[in-house]
Every structure is written in C-alpha cells, then in structure tokens.
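Reading through the structure tokens given below for one structure.
All ligand and atom numbering here is 1-based and tracks the order in the structure.
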Amino acid sequence: MSFPVTRLRRLRKNKTIRDMVEETIVRPADLVMPLFVCPGKGVKNPIKSMPGNYQLSVDMMVENCKQLYDKGVKSILLFGIPEEKDEHGLVATHDDAIVQRTVKAIKKELPDLFIIADVCNCEYTTHGHCGTIVDGDVDNDLTLDTLAKQALSFARVGTDMIAPSDMMDGRVGYMRAALDKAGYYNMPIMAYSAKYASAFYGPFRDAAESAPQFGDRSSYQMNPANSDEALREVDLDIMEGADIVMVKPALSYLDIIRRTKDNFNIPIAAYNVSGEFSMVKAAAAKGWIDEERTAKEILTSIKRAGADIILSYHTQDIIDKL
Ligand code: PBG
C-alpha cells in the first residue's frame, strides 16, 4: 500500500501515539558513569576539557558516588591516577593501589553500586603506553602478566566487573584463566573488543594523565578505517570468554555496533568517549546546540545501533531526565 492509503504521519500526530510506537528507549539501567580517582584528601580538580567532570580523591569520590546513586546512577567505571608511576604499571597491581582503595571505600558505604574497573596500564606507566615497552613498542605477552595481576587485585577488593581496555592479543583468555584459577569464576569481563586508535580520546588523556610520551597507540588499537577486523576482534574475545563486548568510540562507529549486533548473540557495550562528550559541551556552552536534547539523541542513536550498555559522561546529567 502506498500514498494516499498509507500515511506515516498518522502515527506522529501527537505525543501519546508517538510514544506508543517508539522503538528505542534509553533506560537509566543502560548507562554507566566513568569517574576518575586521584591521590590526596578533599581533592576536586576540574577536568578543563570535560566540563562537569573532576579528578576526585577517594573521600570525595565516595561522597560523589552517594549523590550519583541517589540520582539513579547504579553503575560506574573507575579510572585511577596513581601517586607514582613505573615502567610496567605494577603500581596498579596491589590491593592498596588507588582504584582498589576506592573500590573498598565505596563498597563500605554503597554496597549496591555496581563498580566496573578499567584494566589497563597507560595510567600507571611512566611512558603512558598500555604495557611493557621492548624495543620501542608494547610487548604483548609481557603485558598480559601485569594486566592479569591488576585484574586479580580488582577481584580481591570486591570489584563487580573488570573491563580490559589495553587491546593486547589474548588478554581476555589470559585474564579469564587467571581469575578462574584463583576462584573468581563469577567475575564478569566486559572486553573493549573493538577499540580504535581514535582522536576522540584527547580529553580523557588529560583527565587520566595517560597520554603516550612517544609515538601513538596504533600498534595495538585498531585502525579507524577497518570494520571486518572489528568482527574478528569481537569473535576472538567471545571465544576467550568475554561476557560483554565493547565498541569504542561510539558515534563514529555506529556501523560497527550494528554489525556486531547482527553477527553475534552477546550483550554489547558502547563507549561514548570523552571527545564525543566534550564537543557537545563546547557547542552547548556557545549556545549553538541544546545540550540535553543532543545528549538524549546521541544516547538513543547508540542504543538504536544495537548497544545494550552505554558508557557515557552524559550519564550524571541525563540519568534523571530520561
Ligand atoms: C585506557 C583507556 C582510554 C579510554 C578508556 N580507557 C584511553 C586510551 O586508550 O588512550 C578512553 C576513554 C575516553 O576517551 O573517554 N586505555
């Protein structure tokens, strides 16, 4: 049937009928808020390139999480800025490291807040790369060992889920085996499976103080031009035991989210990264776009593309407006 019998505007004539036929709904439960913890007491450092986001010391982080939880945020992703860094990122493998201390402190006050820890070395190495350097590049297999140590420590302190973001080959299987051997067979792994070497991480590297001191991450993160390769990454991570696979960034990679959705039967996360967030904030501050409407449209588009879970810095502002 076509026009004039069919008229699609009939289903758009008022809000009630539009709501009835709405296909995609972003729920508060879909959203995860990324947060940055730093050393000290009473510290709340604004992150200049990410308005409304802060580096918070553990005490301030606990207070912040209480407010977020009351607002409806049920899940956070933690990144740490350590007091000291080393060549391999070993500072992050101890149970009293910055993120581990934070997990323990939050869990004391908010046992039901779901805490995800990002597993990577870039915040913890002096050179800012995601692993151990041999001959000017990150050595894959040496790095697996520090990553697994970090993951185990997160498990010991009561983290709810780990999210490896390093892009080393074989890391999901390596961590899964280490966790299982230690009895943590119920620890879920959300793998950053298709993580691209992206310019959109710029503001995050200020926030986490993790910019590489030489070169870039192209020898381990994916080439933005590739799509078939993303499916191979996802496939391998699933075979190695990933419980959730992630596509990152989100907006320039909605096609990758959709292909992943169409090809695999597994929950998909998408990371609406720092640069995507900061562009909205900057344009809104200039009065060029409506921040709330834009953020909702962005989150809806990521969900419509096929994501089940969205990691986004918009979470704290949007959670009670959905
Ligand atoms: C750590 C990591 C990064 C992000 C998440 N985990 C940065 C990077 O790979 O350089 C980016 C998050 C964002 O931009 O919001 N490897």
On the six-membered ring of Tyr201, is Lys248 placed so that its NZ or CZ lies under 6.0 angstrom from the centre and within 45° of the ring axis?
yes

Heavy-atom nearest neighbour in the protein, as seen from atom 11 (C) of ligand 1, with distance rounded to 0.1 Å
Lys248 NZ, 2.7 Å

Report the part of Asp118 (side chain from C-beta onward, or backbone N, CA, C, O) that has a heavy atom under 4.0 Å from ligand 1; answer both or neither where that applies.
side chain

Only heavy atoms of Ser165, strictly under 4.0 Å: list the atoms of ligand 1 that pass.
1 (C), 2 (C), 6 (N), 16 (N)

Would a line drawn from the ring center of Phe36 to the ring center of Tyr54 be shorter than 6.0 Å?
no

Under 6.0 Å from the CD atom of Glu22, do we count more than 12 heavy atoms belonging to anything else shown?
yes

Considering distance alone, does some N or O of Glu123 sit under 3.5 Å from an N or O of ligand 1?
no

Please check if atom CD in Glu297 has more than 12 non-hydrogen atoms from other residues, nucleotides or ligands closer than 6.0 Å.
no

For Phe79, state whether at least one heavy atom is located under 4.0 Å from any atom of ligand 1.
yes

Under 4.0 Å to a heavy atom of Arg217 - the qualifying atoms of ligand 1, by number:
8 (C), 9 (O), 10 (O)

Enumerated ligand 1 atoms positioned under 4.0 Å from heavy atoms of Tyr313:
12 (C), 13 (C), 15 (O)

How about His88 and Tyr124: are their ring centroids closer than 6.0 Å?
no

Under 6.0 Å from the CZ atom of Arg18, do we count more than 12 heavy atoms belonging to anything else shown?
yes

So is Gln221 touching ligand 1 or not, going by heavy atoms under 4.0 Å?
yes

Check whether the side chains of Ser210 and Glu123 place a donor and an acceptor atom closer than 3.5 Å, and report yes or no.
no

Tyr271 heavy atoms, cut-off 4.0 Å: which ligand 1 atoms fall inside?
12 (C), 15 (O)

